[in-house]
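On a predicted model such as this, the values are computed, not experimentally measured, just so you know. Throughout, residue positions are numbered sequentially from 1 according to the sequence presented.
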Amino acid sequence: MSQLASTALSVLDLAPIRQNGSAAETFRDSVSLAQLTERLGYTRYWLAEHHNIAGIASAATAVLIGHIAGQTSSIRVGSGGIMLPNHPPLVIAEQFGTLETLYPDRIDLGLGRAPGSDGATMQAMRRNAHAGVDDFPQLLNELRSYLGEAAPQQRVKAVPGQDTHVPIWLLGSSGYSAQLAAKLGLPFAFAAQFAPGYLFEALRLYRDNFRPSEHLDKPHAMVGLPVMAAENDAMAHYLATTAQQKFLNLIRGKPTQSMPPVESMDWSPVEQAQVSQFLGAAIIGGPETVKAGLEEFQERTGADELMINSDFYNHSDRLRSYEIVAEVAR
């Protein structure tokens with residue numbers, strides 16, 4: 001058995017809104033994808049917090065997690081992630097304590113530090129511009145106190161939330177969260193789906209500095225990566241232009257909804273290089289290409305889990321991509 005066959009596969013759904021589509025359509029597609037990947041044996045289905053972005057519908061992340069969990073029966077559902085400095089820890093504990101109470105042993109709480117938005121949106125959310133820089137460990141400690149057993153003199157309790165012990169993951173694209181996860185003995189997820197440059201250094205820091213805890217006796221690293229699988233290499237590269245357009249428009253400062261694939265990209269050499277940096281970990285191709293790419297990626301990273309993000313314009317193409325990944329991995 002290859003290493004890939006024994007590696008857990010999970011799903012990162014960025015809840016894309018298509019051009020000429022709607023958030024309601026996105027939510028229906030997310031349920032459809034969650035139900036398919038549950039049948040295919042994927043381990044987790046995570047959604048990410050973003051705000052004021054035209055092409056992403058997962059702003060009310062906890063609400064959408066509850067909707068997905070309610071439409072599935074066994075796959076773990078969680079956040080990849082909730083941006084902790086955006087919210088009072090008590091509120092997050094109450095939300096995820098409620099989810100854990102409704103869907104026992106199926107909820108994950110992945111946490112990040114970034115705003116998930118621009119400066120103006122940060123102001124609208126009342127987020128301090130320096131939040132998460134120095135106070136993240138303190139916020140995390142407060143949140144964990146609301147999800148664990150109550151201390152004897154604890155005046156404020158999360159109800160529900162207290163004593164639910166919702167599993168916490170730390171997410172990151174640099175060494176900060178890797179080292180904090182190692183220090184606290186928590187699982188770590190690296191965001192190579194958009195920032196692969198620091199991947200190997202972050203994994204090294206996490207594993208080298210890991211301290212066993214009541215949660216984990218050894219490091220557990222998950223890596224997010226983009227995978228665009230189709231029936232053959234040519235079709236996959238054509239369909240991948242949807243993801244390329246998303247990052248190109250981000251670079252140009254005009255984020256858009258998910259765009260249909262195109263025969264050729266209208267970009268400068270500099271823009272092409274920038275998009276290639278974002279998608280540096282992407283695996284694009286037919287079944288054989290994807291199988292070889294996943295095996296090589298898993299061998300290089302030693303990841304305990306791979307969290308697949310497949311960005312397509314047509315929902316049927318996205319479903320088929322996850323089917324192909326499951327087929328070649330097993």
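- The only option from Thr242, Asp29, Thr26, Asn314 that meets the side-chain hydrogen bond (donor to acceptor under 3.5 Å, both in side chains) definition with Arg18 turns out to be Asn314.
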Quiz item: Can Ile65 and Leu99 be said to form a side-chain contact (heavy atoms from CB on, under 4.5 Å), step by step?
Solution: CA-CA 8 Å; Ile65 288 169; Leu99 289 167; 3.9 Å; yes

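- A donor-acceptor contact under 3.5 angstrom links the side chains of Glu142 and Tyr146, judged on distance only.
- At a cut-off of 3.5 Å, with distance as the only test, a side-chain donor of His165 or Asp163 sits close to an acceptor on the other residue.
- Within the 3.5 Å criterion, the main-chain N or O of Asp317 finds no donor-acceptor partner in the side chain of Ser321.
- No more than 12 heavy atoms of other residues, nucleotides or ligands shown are found within 6.0 angstrom of CD on Glu288.
- Between Val325 and Tyr322 there is no side-chain heavy-atom pair separated by less than 4.5 Å.
- Residue Asn209 holds its CG atom at 6.0 Å from CD of Gln179, rounded to the nearest 0.5 Å.
- The cluster map of Ile, Leu, Val, Met, Phe, Trp and Tyr, joined by side-chain heavy atoms under 4.5 Å apart, puts Trp267 and Leu239 in different clusters.
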Practice problem: Decide yes or no on side-chain contact (heavy atoms from CB on, under 4.5 Å) for Arg211 and Leu184, but give the supporting numbers first. | Solution: CA-CA 7 Å; Arg211 301 178 187 175; Leu184 299 175; over 6 Å; no

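- Arg144 CZ to Leu109 CG: the interatomic distance, rounded to the nearest 0.5 Å, is 11.0 Å.
- In this structure, OH on Tyr45 lies 6.0 Å from OG1 on Thr37, to the nearest 0.5 angstrom.
- A donor-acceptor contact shorter than 3.5 Å is absent between the side chain of Thr43 and the backbone of Ala8.
- With salt bridges taken as basic N to acidic carboxylate O contacts below 4.0 Å, one links Arg44 and Glu305.
- Hydrophobic clustering (side-chain heavy atoms under 4.5 Å, transitive across Ile, Leu, Val, Met, Phe, Trp, Tyr) keeps Val11 apart from Phe312.
- Checked by atom type, the side-chain pair Asp13/Trp46 shows no donor-acceptor distance below 3.5 Å.
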Practice problem: Tell me, with the steps shown, if Ile251 and Val275 meet side-chain contact (heavy atoms from CB on, under 4.5 Å). | Solution: CA-CA 8 Å; Ile251 290 165; Val275 171; 3.7 Å; yes

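- Under 3.5 Å, the side chains of Gln162 and Glu149 contain no donor-acceptor pair of N or O atoms.
- Residues Phe190 and Tyr198 form a side-chain contact, since some pair of their non-hydrogen atoms from C-beta on lies under 4.5 Å apart.
- At a threshold of 4.5 Å between non-hydrogen side-chain atoms, the residues Arg76 and Pro167 count as touching.
- Checked against side-chain contact (heavy atoms from CB on, under 4.5 Å), Ser268 has the following partners two or more places apart in sequence or in another chain: Val270, Glu271.
- Between Arg300 and Glu295 no salt bridge is recorded (no basic side-chain N to carboxylate O distance below 4.0 Å).
- Of the possible donor and acceptor atoms, none in the side chain of Lys254 sits under 3.5 Å from a partner among the backbone N and O of Asn249.
- Taking the salt bridge (charged side-chain N to carboxylate O under 4.0 Å, His left out) definition, one finds that Arg106 meets it with nothing, sequence neighbours left out.
- At distances below 3.5 Å, not a single donor-acceptor pair connects side-chain atoms of Gln71 with backbone N or O atoms of Val31.
- Between Arg318 and Pro16, the closest side-chain pair of non-hydrogen atoms falls below 4.5 Å.
- If you look at Phe278 and Phe194, their ring centroids are not closer than 6.0 Å.
- Thr72 places no side-chain N or O within 3.5 Å of a backbone atom of Gln35 that could act as its donor or acceptor partner.
- Panel note: side chain Ser173, backbone Ala195; no donor-acceptor pair is recorded below 3.5 Å.
- Looking at Glu49 and His87, their side chains do bring a donor and an acceptor atom within 3.5 Å of each other.
- Note that CG of Leu143 and CD1 of Ile82 are 10.5 Å apart. Values are rounded to the nearest 0.5 Å.
- We find the CD-CG distance between Gln298 and Leu9 to be 10.0 Å, quoted to the nearest 0.5 Å.
- By the neighbour-count criterion of 12 heavy atoms within 6.0 Å, atom CD of Glu201 is densely surrounded, having more than that number from other residues, nucleotides or ligands.
- A search for side-chain contact (heavy atoms from CB on, under 4.5 Å) contacts involving Val262 returns Thr241, Gln245, Met265, not counting sequence neighbours.
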Quiz item: For Val328 and Leu294, what are the C-alpha separation, side-chain angles and deciding distance, and is it a side-chain contact (heavy atoms from CB on, under 4.5 Å)?
Solution: CA-CA 9 Å; Val328 302; Leu294 286 170; 4.3 Å; yes

Self-check item: Criterion side chain to side chain donor-acceptor pair (under 3.5 Å) on Gln19 and Thr256, from CA distance to verdict
Solution: CA-CA 8 Å; Gln19 185 184 47; Thr256 60; over 6 Å; no

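- Atom CG of residue Asp105 and atom OG1 of residue Thr164 lie 10.5 Å apart, to the nearest 0.5 angstrom.
- With respect to the salt-bridge test (charged N to carboxylate O, under 4.0 angstrom), the residues Arg28 and Glu25 do not qualify.
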